[in-house]
Structure formats: C-alpha cells, structure tokens
Amino acid sequence: MSNDIDLDISNGVALITFNRPEAMNTFTSGMMTGLGEAYQACDADDEVRVVVVTGAGKAFCAGADLSGGAETFDEKEDMDFSSSPLSFQAQQVRKPVIAACNGHAIGVGLGIASQCDMRIMAAQGKYGFLQAQRGVIADFNIHHVLPRMIGLEAALEMILTGKRYSGTEIGELGFARRVASAEDVLPLAMDMARDMAENCAPLITGMAKRMIWDGLDRTQAQAQDIETRALHQSMGKPDALEGGMAFFEKRKPNWTGSAGKDWPDWL
C-alpha cells in the first residue's frame with residue numbers, strides 16, 4: 001500500500017487517511033493504487049464494519065497531482081484505463097463508507113467523495129468538478145452518479161460550469177449529509193461510524209448498501225424482487241432474533257452475521 005495512504009482499524013471502524021498534507025493531499029498514481037487496496041482490505045476484513053475516509057492536514061484531496069506540469073494531460077499511447085480508476089471502488093465495499101471531507105475536495109478528490117455512501121463536509125472547504133475549465137471530462141462515473149444524488153439541473157450546473165462551491169453551498173445542493181466546521185468533520189464522521197458499528201447488523205448494512213447502489217439501474221419490479229429475496233434470507237438468520245432480543249433486554253446486540261461468511265452469492 002502507498003506510503004501516502006494510512007489505514008487504521010479500531011473498534012469496528014477503519015480510518016483511511018490521505019497523507020500528503022504538504023501537498024494538500026493531491027492525488028498521485030501511487031495513492032490511486034493504495035486507495036483501491038485499502039478499500040479491498042476493508043471489504044475482506046470482517047473486523048471492519050464501517051469505513052471513514054479523510055485527509056491529513058487542511059485538505060481532503062485538492063485534486064490530481066499536477067507536479068508533472070504540461071505532461072500531466074499529454075495523450076499517452078496506452079489509453080486503456082477506466083474513468084473509475086480504482087482497482088476496488090467505494091461502492092463495492094460491503095460496509096458503509098463515509099467521506100469526512102475536512103477541507104478542500106476538488107476534481108478527483110470530490111469524485112472520490114461522491115463514491116462514498118455519506119459525506120460530511122467542512123464549511124470552510126472549497127469543492128467542485130473543475131474539469132470543464134481544464135479541457136478534460138470529469139471522472140469517477142460522476143455523470144451517472146451526480147444527477148441521482150442532487151438532481152439533474154444542479155448536476156449540470158456543477159459539471160458544465162466548473163464552479164467552486166463553499167461547504168455551505170454544496171450542502172444546500174444536497175451533496176453532503178452534514179456540513180460542519182473543519183475541526184468537527186472527522187469527529188462527527190467517527191461518531192456516526194462507531195454508532196453503526198455498534199448498533200447495526202453488519203451483514204444487513206452491507207446487503208442494504210448493495211441493493212441501494214445497484215437499484216439505481218433496476219426497474220421497480222426488479223428491485224422489489226431482490227428486496228423480497230433479501231428479506232426472506234435475513235429473517236432466517238440468527239441476527240434477526242438477536243436484534244429483537246437485544247432491544248427487549250436493553251443491551252448492545254451481539255451480531256454474528258458478516259459479509260465475509262454469509263454474503264448471498266446472488267446479490
């Protein structure tokens with residue numbers, strides 16, 4: 001894993017940190033590889049129930065590393081790459097992924113945040129997809145995801161104008177779950193993550209996440225069929241009894257189901 005990506009796991013929560021604060025966590029190819037590897041490791045580890053992604057210092061990720069100057073966007077002979085370049089995407093992680101955008105998230109940085117399931121943004125940060133002003137198409141499948149997140153017109157404005165938004169403005173667009181002072185962003189995200197890790201059945205949150213993301217491309221009837229199948233399976237598992245008993249006995253649940261050993265092969 002890249003030296004510029006830190007992964008720490010504690011009490012069911014994995015914290016992934018972009019660690020190039022001196023460069024505003026601008027993204028390198030090594031970080032791209034490292035983030036995909038970190039996501040895959042979190043998906044495979046049943047000790048991880050929730051993932052939080054953040055940046056060291058004052059920025060989340062201020063875009064791509066442009067230290068190569070004009071060569072950064074030179075056409076290469078080998079153009080065999082995806083616009084979603086991570087080897088393992090945030091949506092594939094069978095656990096909730098929260099973006100704690102503690103500061104600026106520009107271009108690729110905001111694309112990474114858009115792949116997460118929830119976002120907490122710093123009011124002081126600057127955010128935007130600036131690619132239209134740089135002569136390239138935005139990536140991370142944002143043309144598919146963003147209209148579904150914030151609506152068609154708002155998505156068109158963000159992508160076509162290349163405008164920078166404050167944290168307050170992007171929150172008003174519906175891009176962020178919460179907007180807070182920069183120093184409060186990570187603590188809020190960690191509190192949310194710990195609450196889910198303690199109180200929510202990990203297999204159920206993983207299945208629900210997969211159904212919601214995949215449901216963006218399904219008809220209502222298809223989504224209902226999948227949901228019915230998932231409901232039947234979940235009701236036959238020990239966690240269904242444990243959840244009710246824990247509530248009745250006023251105690252924390254002891255979940256035994258996990259994505260690693262109980263994931264349905266049809267989902």
Within one Ile-Leu-Val-Met-Phe-Trp-Tyr cluster: [X] and [Y], side-chain cutoff 4.5 Å:
X    : Y    : result
Y127 : I150 : yes
V93  : V53  : yes
V185 : V51  : no
M149 : L216 : yes
W255 : V48  : no

Look only at the side chain of [X] and the backbone of [Y], and say whether a donor-acceptor pair between them is shorter than 3.5 Å.
X    : Y    : value
K95  : D45  : yes
Q89  : S84  : yes
R20  : T26  : yes
T17  : N19  : no
R218 : A223 : no

Compare every heavy atom of [Y] with every heavy atom of [X], then report the nearest pair and how far apart it is.
X    : Y    : result
D239 : G257 : OD2-N, 3.0 Å
V52  : L186 : CG1-CD1, 4.0 Å
N102 : A59  : ND2-O, 3.4 Å
F60  : A105 : CD2-CB, 3.9 Å
V108 : C61  : CG1-SG, 4.1 Å
K126 : I106 : O-CD1, 3.4 Å

- request: Decide, yes or no, whether a salt bridge links E242 with R251 under the criterion of side-chain N to carboxylate O below 4.0 Å.
  value: yes

Is it the case that atom [atom1] in [X] sees more than 12 heavy atoms from other parts of the structure closer than 6.0 Å?
X    : atom1 : value
N199 : CG    : yes
E157 : CD    : yes
E183 : CD    : yes

field: Step-by-step side chain to side chain contact (heavy atoms under 4.5 Å, CB included) determination, Y165 to M158
entry: CA-CA 9 Å; Y165 296 81; M158 282 194 74; 3.6 Å; yes

Using 0.5 Å steps for rounding, measure from the [atom1] atom of [X] to the [atom2] atom of [Y].
X    : Y    : atom1 : atom2 : result
C116 : R177 : SG    : CZ    : 15.5 Å
Q133 : L160 : CD    : CG    : 11.5 Å
I98  : T54  : CD1   : OG1   : 11.0 Å
S181 : L188 : OG    : CG    : 9.5 Å
R178 : M118 : CZ    : CE    : 12.5 Å
E37  : L86  : CD    : CG    : 11.0 Å

Is the shortest heavy-atom distance from the side chain of [X] to the side chain of [Y] under 4.5 Å?
X    : Y    : answer
F175 : S114 : yes
D46  : P202 : no
V145 : R148 : no
D43  : Q92  : no
I159 : H143 : yes
L267 : Q233 : no
M192 : I120 : yes
R210 : R94  : yes

- line: Applying ring pair (Phe, Tyr, Trp, His ring centres under 6.0 Å) to F140 and not counting sequence neighbours gives none

query: How would you list, by chain and number, every residue that makes a side-chain hydrogen bond (donor to acceptor under 3.5 Å, both in side chains) with E153, sequence neighbours excluded?
result: none

message: Test side chain to side chain contact (heavy atoms under 4.5 Å, CB included) on D214 and I226; report intermediate values, then the result.
response: CA-CA 10 Å; D214 288 355; I226 293 292; over 6 Å; no

- prompt: For D217 and H144, what are the C-alpha separation, side-chain angles and deciding distance, and is it a side chain to side chain contact (heavy atoms under 4.5 Å, CB included)?
  reply: CA-CA 10 Å; D217 299 316; H144 176 80; 3.1 Å; yes

- request: Please find out if less than 6.0 Å separates the ring center of F27 from that of F18.
  value: yes

message: Please determine whether side chain to side chain contact (heavy atoms under 4.5 Å, CB included) holds for the pair Q222 and D225, giving the CA-CA distance in whole Å, both sets of side-chain angles, and the decisive distance to 0.1 Å.
response: CA-CA 5 Å; Q222 290 169 335; D225 287 345; 5.6 Å; no

